[in-house]
Amino acid sequence: MADDDTIASMEASQGTALWLGDGTCAGGGASDAAHRYSTLTSKALGLVEENHAATGVGFATKPDIGSQVDAASKLGLAGVAYVFLMAGITDSYDSLGSMRSATAAAVRAAAKAWPGARVVAGVAPGCLAGLDEAALERMELVWTAIRLGAGDAGALVCDGLWKVCGSDPALCSSGGLPNDDGHALLAESIEASVREDQGEPLDQPVENLTRVVTSGGGDWLSRSLRESRRREAEKREANRPTGTELSNITSKLEDVTKGQALMQAIQQQMLDQLQRQQKMLESQQQQLKQQQDALAGQQDQLRQQQASLQSQQKQLESIVGQQGETVASLQTVTADLQKQARNTSVLLNWCNVQFGAISSYVEGYVPGSKPALE
């Protein structure tokens, strides 16, 4: 249950600050939750902190800040005045092509979920651990894409937060995360951006635009000349850009320059991907050619086997034909033998009849008996 101080703080607050983002936003590197930059910034702005950040989350990771926004929108949080989307350190250069659109989508989702809240995008708050010059140059393009994407969707952008701690060992813990001092500096930088967004100081109006023109005469020509010069001076002064305008122009020129560098990097990345795909396609075509050659060889072998089978079939047909002729011949011989057997039986019967007739004329002969031998 909340104590009296907490309840009084909530009643006196200007709303809730919802923090979404990576492990540093969750308090990574700080000695405790009270020293993390989200808690310090919320306290300085008079807001009640609601932190749902998690380690490993970025604008174009899995899971990403967009999924955090979706999950937090279902919590029924009331009085959300600020939604802080703080990430970039864990994002990858490989996702450069989709980084800008993914960031813009996360900002728009947050603005839709909490229509009355100001969405703030913090670009890479954390320490630069293990990044050489080449890797840092690539990551700067990633962070440029995040900044431009957040700006496209109308968020307040806290740019260059990775510069606050950098790789300073006095501000970074051994794990490559900001320590308590690093979190404190990040909180100061974020608070300053929010304060400036709440109400920028107006430019001081230019006073005493009158220019004194000295003339040797006092006639109407000298007065006309002074009046003309005064008007020209007032025009130049009115057209002179203010400090804020110069800053905005410089910022826009920087955005254009970085935007061009980002587009070149994305185009180069796409070109490299196309080249890899082309090499893969060439490899697949070569494999297909090898398979076609192997298939052609197998077709030749099949044709040879088919020709051999046809030759064997003809030989078998010839053998079967010869066997048929032999069977027919054997059947003819068998018929002849059977005919001869029948003729022999007929002759044998005739002989028996003739023998019986003859024996009737021989005295003392008994038909069918055999004379006794001595």
Side-chain angles (χ1 to χ4, degrees), residues 1-22 24-28 30-54 57 59 65-66 68-88 103-104 106-126 146-147 150-151 153-161 164 178 180-203 244:
M1 184 175 180
D3 55 22
D4 294 340
D5 293 339
T6 302
I7 294 175
S9 176
M10 293 176 63
E11 291 177 350
S13 70
Q14 300 178 21
T16 299
L18 174 61
W19 295 83
L20 305 173
D22 56 19
T24 303
C25 182
S31 58
D32 54 38
H35 288 86
R36 63 187 178 187
Y37 71 78
S38 62
T39 304
L40 298 174
T41 305
S42 299
K43 183 177 180 181
L45 294 173
L47 301 170
V48 177
E49 179 189 15
E50 191 75 33
N51 193 315
H52 295 276
V57 173
F59 284 101
I65 284 189
Q68 285 188 338
V69 170
D70 182 63
S73 66
K74 300 174 183 177
L75 299 177
L77 301 175
V80 177
Y82 282 88
V83 180
F84 291 90
L85 310 179
M86 317 299 287
T103 304
V107 171
R108 292 190 180 100
K112 182 179 180 181
W114 300 278
R118 181 69 162 121
V119 181
V120 181
V123 181
I146 293 174
R147 176 173 59 84
L156 167 61
V157 180
C158 297
D159 191 21
L161 292 180
V164 174
D180 286 352
D181 292 336
H183 275 272
L185 287 179
L186 285 171
E188 290 178 6
S189 179
I190 298 169
E191 180 193 358
S193 296
V194 174
R195 294 294 189 194
E196 183 179 358
D197 180 66
Q198 288 175 345
E200 296 183 355
L202 298 176
D203 293 324
T244 301

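Closest approach of Leu161 to Leu186, counting heavy atoms only: O-CD2, 3.6 Å. Pairing each heavy atom of Ala110 with each of Val119, the nearest pair is CB-CG2, 4.1 Å. Of all the heavy atoms in Ala81 and Leu47, the pair that sits closest is CB-CD2, 4.3 Å. Here the closest non-hydrogen pair linking Gly21 and Val57 is O-CB, 3.6 Å. Across Gly151 and Val157, no two heavy atoms sit closer than the pair N-CG2, 3.9 Å. Of all heavy-atom pairs spanning Ser42 and Ser38, the tightest one is OG-O, 2.8 Å.
Side-chain atoms of His35 never come within 3.5 Å of backbone atoms of Gly27 as a donor-acceptor pair (strictly under, hydrogens ignored). Asp22 places a side-chain N or O within 3.5 Å of a backbone atom of Cys25 that can act as its donor or acceptor partner. Ser73 contributes a side-chain N or O that, together with a main-chain N or O of Asp70, makes up a donor-acceptor pair within less than 3.5 Å. Thr103 contributes no side-chain N or O that, together with a main-chain N or O of Phe59, makes up a donor-acceptor pair within less than 3.5 Å. When atom types are taken as modelled, the side chain of Arg36 and the backbone of Ala26 share a donor-acceptor pair closer than 3.5 angstrom. Between the side chain of Glu49 and the main chain of Lys43, no donor-acceptor pair closer than 3.5 Å is present.
Phe84 pairs by the ring pair (Phe, Tyr, Trp, His ring centres under 6.0 Å) definition with Trp19, Tyr82, not counting sequence neighbours.
Each salt bridge (charged side-chain N to carboxylate O under 4.0 Å, His left out) pair with one or both residues in residues 114-126, not counting sequence neighbours, appears once here: Arg118-Asp197.
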Checklist entry - Do Arg195 and Leu45 pass the side-chain contact (heavy atoms from CB on, under 4.5 Å) test, and can you show the C-alpha distance, the side-chain angles, and the key distance before you say yes or no? => result CA-CA 8 Å; Arg195 294 294 189 194; Leu45 294 173; 3.7 Å; yes

Checklist entry - Can Val69 and Leu85 be said to form a side-chain contact (heavy atoms from CB on, under 4.5 Å), step by step? => result CA-CA 9 Å; Val69 170; Leu85 310 179; 4.1 Å; yes

Next on the checklist: What verdict does the side-chain contact (heavy atoms from CB on, under 4.5 Å) test give for Ile190 and Met86, after you've listed the backbone C-alpha separation in whole Å, the side-chain angles of each residue and the deciding distance to 0.1 Å?
Outcome noted: CA-CA 10 Å; Ile190 298 169; Met86 317 299 287; 3.5 Å; yes

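Here the straight-line distance linking atom CG of Asn51 with atom CG of Leu20 works out to 8.0 Å at 0.5 Å rounding.
Proximity of Ser193 to Val120: side-chain heavy atoms (C-beta onward) are nowhere separated by under 4.5 Å. Inter-residue side-chain proximity for Leu77 and Thr16 is flagged as unmet; no heavy-atom pair is nearer than 4.5 Å.
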